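Structure, as C-alpha cells:
This structure is a prediction, so every number in the text was calculated from the model and none was measured. Remember, it's 1-based here, ligands and their atoms both numbered in the order they're listed. In this chain, numbering begins with 1 at the start of the sequence shown.
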Amino acid sequence: MSGVKIDGKIIAQSVKDRVKNAVTELKNHGISPCLATILIGDDPASATYVRNKHIACEEVGISTKDHKLDANITQSELTKIIDELNSDNSVHGILVQLPLPKQLDEFTTTSRISPLKDVDGLTPHNAGLLAMKKAALIACTPSGVMEMFDYHGIDLEGKNVLLINRSNLVGKPLYHLLLDKNATVITCHSKTKDLTELCKSADIIITAVGDRNKFTLTSEMIKEGAVVIDVAISRFQEKLVGDSDYEDIIQKASFATPVPGGVGPMTVAMLLKNTITAASLSTQIGK
Ligand code: GUN
C-alpha cells in the first residue's frame with residue numbers, strides 16, 4: 001500500500017488565497033496589514049526563514065517592517081524595540097525569530113509583545129487562552145498542522161495521537177488543539193520510555209525532534225495506515241531532512257508529509273493568517 005502525500009505547498013496556497021481576499025477587504029476598510037519581524041544575529045537558517053516570511057507577506061499584500069539586530073544586543077535594548085513596535089499603530093503583528101542568542105531570555109522577550117500583536121501565539125496571555133479554547137492567535141506551526149488534517153478530512157475524534165515534541169512552539173499548543181478535537185494525546189520527549197512501542201500503537205504521529213542522530217522514525221515503527229506529520233527540519237548528510245524519510249513512511253502510512261514541502265510552508269501561511277487576524281483585532285479595540 002502507498003498512502004497519500006499531504007502537500008504543504010498546495011494547502012498553504014489555499015490559505016494564502018483566503019488571506020489575500022481578507023487583505024483586500026481590510027484595505028477597503030482603510031487598514032493596511034503590517035508585520036514587523038525582528039531577526040537577531042546572523043544564523044543563516046533563521047535569516048532564510050525570515051526572508052521567506054517577508055516574501056510571503058508581499059505575495060498577499062501584507063507590508064513588512066524588517067529589524068535586523070546585532071547578535072550582541074542586550075535584553076533592555078531589545079525590550080525597547082519591542083515596546084516601540086507595540087505602540088506603533090501601523091504595525092499589527094510582531095514576530096521575534098527564534099532561537100535567540102544566549103544572552104537573551106526567550107520568555108522575557110516573547111512575553112513583552114502585546115498579546116494583540118502576538119502572531120506567534122507565544123505570550124502567556126495567548127498560550128493561556130489556547131488552553132481554555134478561547135485563543136484568536138495560535139502558534140503558526142500547530143495551527144498549520146490542524147489545517148492539514150482539515151484539508152484532507154482526517155478525523156481526530158477518538159484517535160490515539162502521539163506527539164514527539166513538548167516545546168512552547170509546537171508540542172504544547174498542538175496538545176490543546178488535538179484535545180479540543182477529542183483526540184487522545186500522548187506527549188513524548190527525551191525521557192520517554194519505550195518510544196518505539198508508543199509509535200507502533202499510534203493512529204497519528206506528529207514528530208518534531210530535528211536531530212537524526214537522536215531519532216529517526218521508520219516505517220517499521222508505525223502501524224499500517226497511520227498518519228505521519230513530520231514537523232522537523234534539519235541538515236543531515238548534506239540534505240534537508242525531517243525525522244523520517246517520506247519515501248519509506250508512505251509505503252505504510254495512509255497519509256504523510258514530505259520534508260521539505262510539508263509543514264514548513266504551512267507555518268508561513270498561518271503567520272499571514274494571524275497577521276490579518278491581528279489587524280482585525282486592532283480595529284475592535286474600544287468597541
Ligand atoms: N523559529 C522556528 N519556528 C519559529 C516560529 O514559528 N516562530 C518564531 N518566532 N521563531 C521560530
Side-chain angles (χ1 to χ4, degrees), residues 8 12 15 35-57 62 64-69 71 73 78-79 81-82 85-86 91-102 104-115 117-127 130 135 137-148 163 165-177 206-211 229-235 240-243 257 259-260 262-275 277-278:
V15 174
L35 173 70
T37 59
I38 300 177
L39 172 64
I40 304 156
D42 40 27
D43 174 55
S46 291
T48 304
Y49 294 141
V50 172
R51 200 175 323 116
N52 288 341
K53 290 169 185 178
H54 281 248
I55 292 168
C57 282
I62 295 174
T64 51
K65 285 196 176 161
D66 190 9
H67 292 259
K68 288 200 180 74
L69 308 179
I73 191 169
L78 177 58
T79 297
I81 292 166
I82 294 173
L85 293 170
N86 280 340
V91 169
H92 303 101
I94 303 170
L95 176 137
V96 180
Q97 186 65 25
L98 304 173
L100 299 172
K102 281 188 189 65
L104 301 171
D105 180 63
E106 196 171 297
F107 180 76
T108 307
T109 303
T110 52
S111 59
R112 191 79 191 187
I113 296 170
S114 159
K117 299 189 179 187
D118 171 26
V119 286
D120 263 323
L122 280 173
T123 57
H125 183 86
N126 286 324
L130 177 62
L137 294 169
I138 300 170
C140 304
T141 301
S143 55
V145 169
M146 298 307 283
E147 193 75 31
M148 287 174 139
L163 267 175
N165 184 287
R166 59 170 159 181
S167 69
N168 292 334
L169 260 176
V170 178
K172 284 178 192 156
L174 261 171
Y175 176 82
H176 293 295
L177 292 167
I206 305 175
T207 183
V209 175
D211 184 347
I229 309 289
D230 194 338
V231 180
I233 187 150
S234 64
R235 207 161 265 287
L240 277 182
V241 297
D243 288 344
T257 56
V259 176
V263 176
M266 295 307 297
T267 300
V268 179
M270 300 317 277
L271 171 66
L272 305 177
K273 189 169 178 234
N274 276 350
T275 305
T277 301

Requested in this report: For Ser46 and Pro99, work out which heavy atoms get closest and say how close.
Outcome: OG-CD, 4.2 Å
Report summary line: Interatomic distance, NZ@Lys53 vs CD1@Ile62, rounded to 0.5 Å, equals 13.0 Å
Query raised in the report: Tell me: protein heavy atom nearest atom 11 (C) of ligand 1, and distance?
Result: Gln97 NE2, 3.5 Å
Query - ligand 1 versus Leu95: contacting region, heavy-atom distance under 4.0 Å - result: side chain
Report task. Would you kindly specify which portion of Leu98 sits under 4.0 Å from ligand 1, judged on non-hydrogen atoms: side chain, backbone, both or neither? Result -> both
Requested in this report: Tell me, yes or no, whether the heavy-atom count around Asp211 atom CG, taken from other residues, nucleotides or ligands under 6.0 Å, exceeds 12.
Outcome: yes
Report task. Begin from the C-alpha positions of Asp120 and Thr110 and carry the test side-chain contact (heavy atoms from CB on, under 4.5 Å) through to its verdict. Result -> CA-CA 9 Å; Asp120 263 323; Thr110 52; over 6 Å; no
Query - Donor-acceptor contact below 3.5 Å, side chain Asn165 vs main chain Gly171 - result: yes
**Report entry** Residue Asp120 vicinity, atoms of ligand 1 by number, heavy atom under 4.0 Å
**Finding:** 5 (C), 6 (O), 7 (N), 8 (C), 9 (N)
Query raised in the report: What are the atoms of ligand 1, with element, lying closer than 4.0 Å to any heavy atom of Val96?
Result: 8 (C), 9 (N)
Query raised in the report: Which is closest to atom 4 (C) of ligand 1 in terms of heavy atoms, Thr109, Leu169, Thr267?
Result: Leu169
